[in-house]
2 protein chains.
Amino acid sequence: MTDPQARFEQLIAKLRTSEYRLTPQRVELIRLIATSDGHPSASELYSQIRIQFPTMSLATVYKTLDLLKELGEVLEIGLRDDSHYDGNKPYPHPHLICMKCRKIMDGELELAVKNIVQEVEQSFGFQILKHQLDFYGLCPDCQKKKK
Amino acid sequence: MTDPQARFEQLIAKLRTSEYRLTPQRVELIRLIATSDGHPSASELYSQIRIQFPTMSLATVYKTLDLLKELGEVLEIGLRDDSHYDGNKPYPHPHLICMKCRKIMDGELELAVKNIVQEVEQSFGFQILKHQLDFYGLCPDCQKKKK
DNA sequence: CTAACTGCAAAAACTTTGCACTTTT
DNA sequence: AAAAGTGCAAAGTTTTTGCAGTTAG
């Protein structure tokens, strides 16, 4: 995992070199998404930002997320209900979603993913460009509580 | 792949034994979803059904799909844009989605999936109950056309 | 006959868009 | 000063819901 502060500065630098403007709203959203170790949704980010910027609109949150998506610095995870965003690992990777507490964990499974992608390409002649691998179930904590 | 006619009769039988009513609208939707070898969306099913039942409403399509989902006879595939439904293999399995022609193929990868699920469970202590594995890329046909 | 189902229309939930105003550079 | 970004409100999508009328069993 990257250092949040370093990630924040990296994102700011990217916007600067890409000649995008650094508005306070953008900087704050970037700070949040770089600091967050989870997978916030647009409305979660919105609520957080409104603490510092009461005038911030949801539209701006989406516009900024779109911008970061275009830059390849944020990954959108589209679940059944609503989308969540990962600004720390902006490349496809598996997610483990707890069906009880709704927590989203990252699956560190590089080798296994590489293998299954390779198998898909070989078996079906598909050229895989990206993927979304979501595993739903019970996280360790919720399994304990259940007993 | 199951025989469409057999699958249709199987679904009808399930509704009958579950004491759900066999309305013409339901029977037609079931016929479509059993016959379809693809992964129709709600609105695609709606358009199809309106050929036979011009008064059919989208609400009824969704209500019927919900019913079939509850019965475990239809799998919902929630993509970024809209959901598609599979009435022939109503259990989680990988999908290969062509980013050019939007075609959805089934990935027959039982062993590979079993392995990766097992690895997730072991590595993270997660108890996996279901999954959604989507691979996006170019299908063989679109790769050829590209050249 | 009655409980279940349909269709309509309205609502819900999330995201996008247009435009006047404001701010970064 | 000019271009870019913000905020508001309206519109767009897909799915859900409530209810009066209709129909399968």
Side-chain angles (χ1 to χ4, degrees), chain A residues 11-33 39-71 73-85 102, chain B residues 11-33 39-71 74-85 102 104:
Chain A
L11 285 173
I12 295 294
K14 177 124 183 194
L15 280 220
R16 206 187 301 272
T17 59
S18 311
E19 308 218 289
Y20 287 105
R21 294 191 178 169
L22 290 170
T23 64
Q25 292 92 328
R26 267 186 194 170
V27 173
E28 177 64 8
L29 189 145
I30 288 169
R31 200 187 59 71
L32 281 176
I33 216 162
H39 304 75
S41 65
S43 65
E44 280 162 7
L45 290 165
Y46 176 58
S47 313
Q48 276 300 305
I49 294 179
R50 287 194 72 118
I51 298 170
Q52 310 277 338
F53 295 86
T55 69
M56 180 80 166
S57 73
L58 198 45
T60 301
V61 173
Y62 280 111
K63 283 168 185 165
T64 308
L65 287 173
D66 281 350
L67 170 60
L68 293 170
K69 274 192 281 175
E70 262 173 51
L71 291 174
E73 295 296 343
V74 140
L75 176 73
E76 182 171 11
I77 309 160
L79 268 28
R80 184 60 66 294
D81 24 16
D82 58 332
S83 283
H84 292 245
Y85 300 86
R102 299 267 95 197
Chain B
L11 285 172
I12 295 294
K14 178 123 180 195
L15 280 219
R16 207 188 298 276
T17 59
S18 311
E19 308 218 289
Y20 287 104
R21 294 194 179 167
L22 291 170
T23 65
Q25 292 92 330
R26 268 186 194 168
V27 173
E28 178 64 7
L29 190 145
I30 289 168
R31 198 187 62 71
L32 281 176
I33 216 162
H39 304 74
S41 66
S43 65
E44 280 162 7
L45 290 166
Y46 176 57
S47 314
Q48 276 299 306
I49 293 181
R50 287 192 73 119
I51 299 170
Q52 310 279 336
F53 295 87
T55 68
M56 181 79 166
S57 71
L58 199 45
T60 301
V61 173
Y62 279 111
K63 284 168 185 166
T64 308
L65 287 172
D66 281 350
L67 171 60
L68 292 170
K69 276 193 278 173
E70 262 173 52
L71 291 173
V74 141
L75 177 74
E76 183 172 10
I77 309 159
L79 269 28
R80 184 64 65 293
D81 25 14
D82 59 332
S83 283
H84 292 245
Y85 300 86
R102 299 266 94 199
I104 303 173

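The sequence lines fix the lettering, A, B, ..., with proteins before strands; numbering per chain opens at 1. Reckoned from all heavy atoms, side chains included, excluding hydrogens, waters and symmetry mates.
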Practice problem: List the steps, then state whether side-chain contact (heavy atoms from CB on, under 4.5 Å) holds for L71(A) with Y20(A). | Solution: CA-CA 11 Å; L71(A) 291 174; Y20(A) 287 105; 4.0 Å; yes

Quiz item: L15(A) and V27(A): side-chain contact (heavy atoms from CB on, under 4.5 Å), yes or no, with the steps?
Solution: CA-CA 10 Å; L15(A) 280 220; V27(A) 173; over 6 Å; no

Exercise. Take T64(A) and L45(A) through the test side-chain contact (heavy atoms from CB on, under 4.5 Å) and record every step on the way to the result.
Key: CA-CA 11 Å; T64(A) 308; L45(A) 290 165; over 6 Å; no

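Rounded to whole angstrom, the span from the CD atom of E19(A) across to the C1' atom of dA2(D) amounts to 14 Å. Atoms CD1 (I30(B)) and C1' (dC5(C)) sit 13 Å apart, rounded to a whole Å. In this structure, R50(A) places its CZ atom 15 Å from P of dT6(D), rounding to the nearest Å. The separation between M56(A) atom CE and dT23(C) atom P is 15 Å, rounded to whole Å. With rounding to whole Å, L65(B) atom CG is found 13 Å from dT14(D) atom C1'. If you take CD1 of I77(A) and C1' of dC14(C), they are 17 Å apart, rounded to a whole angstrom. If you measure from atom CD of E28(A) to atom P of dG5(D), you get 18 Å, rounded to the nearest angstrom. For D66(B) and dT14(D), the CG to P distance is 17 Å, given to the nearest whole Å.
Residue L58(A) is classed as a base contact, given a heavy-atom separation below 4.0 Å to a base. Contacts of S43(B) with the nucleic acid, taken as non-hydrogen atoms under 4.0 Å apart, are absent.
Between T23(B) and dA24(D) there is no side-chain N or O to OP1 or OP2 distance below 4.0 Å. The side chain of R26(B) contributes an N or O atom lying less than 4.0 Å from OP1 or OP2 of dC5(C). The side chain of T55(A) places an N or O atom within less than 4.0 Å of a non-bridging phosphate oxygen (OP1 or OP2) of dG7(D). In this model, the phosphate group of dT23(D) is not approached by any side-chain N or O of Q25(B) to a distance below 4.0 Å at OP1 or OP2.
Residue K63(B) places its side chain closer to dC8(C) than to any other of dC8(C), dA3(C), dT16(D).
The 5' end of DNA chain D is approached more closely, in terms of each residue's nearest nucleotide, by D82(B) than by the other of R21(B) and D82(B). When each of P24(B) and L67(A) is assigned the nucleotide of DNA chain D bearing its nearest heavy atom, the one mapping closer to the 5' terminus is L67(A).
In this structure, the side chains of T60(A) and I49(A) stay at 4.5 Å or more apart for every pair of heavy atoms.
Checked by atom type and distance alone, the side chain of H84(B) pairs as donor or acceptor with a backbone atom of H39(B) at under 3.5 Å.
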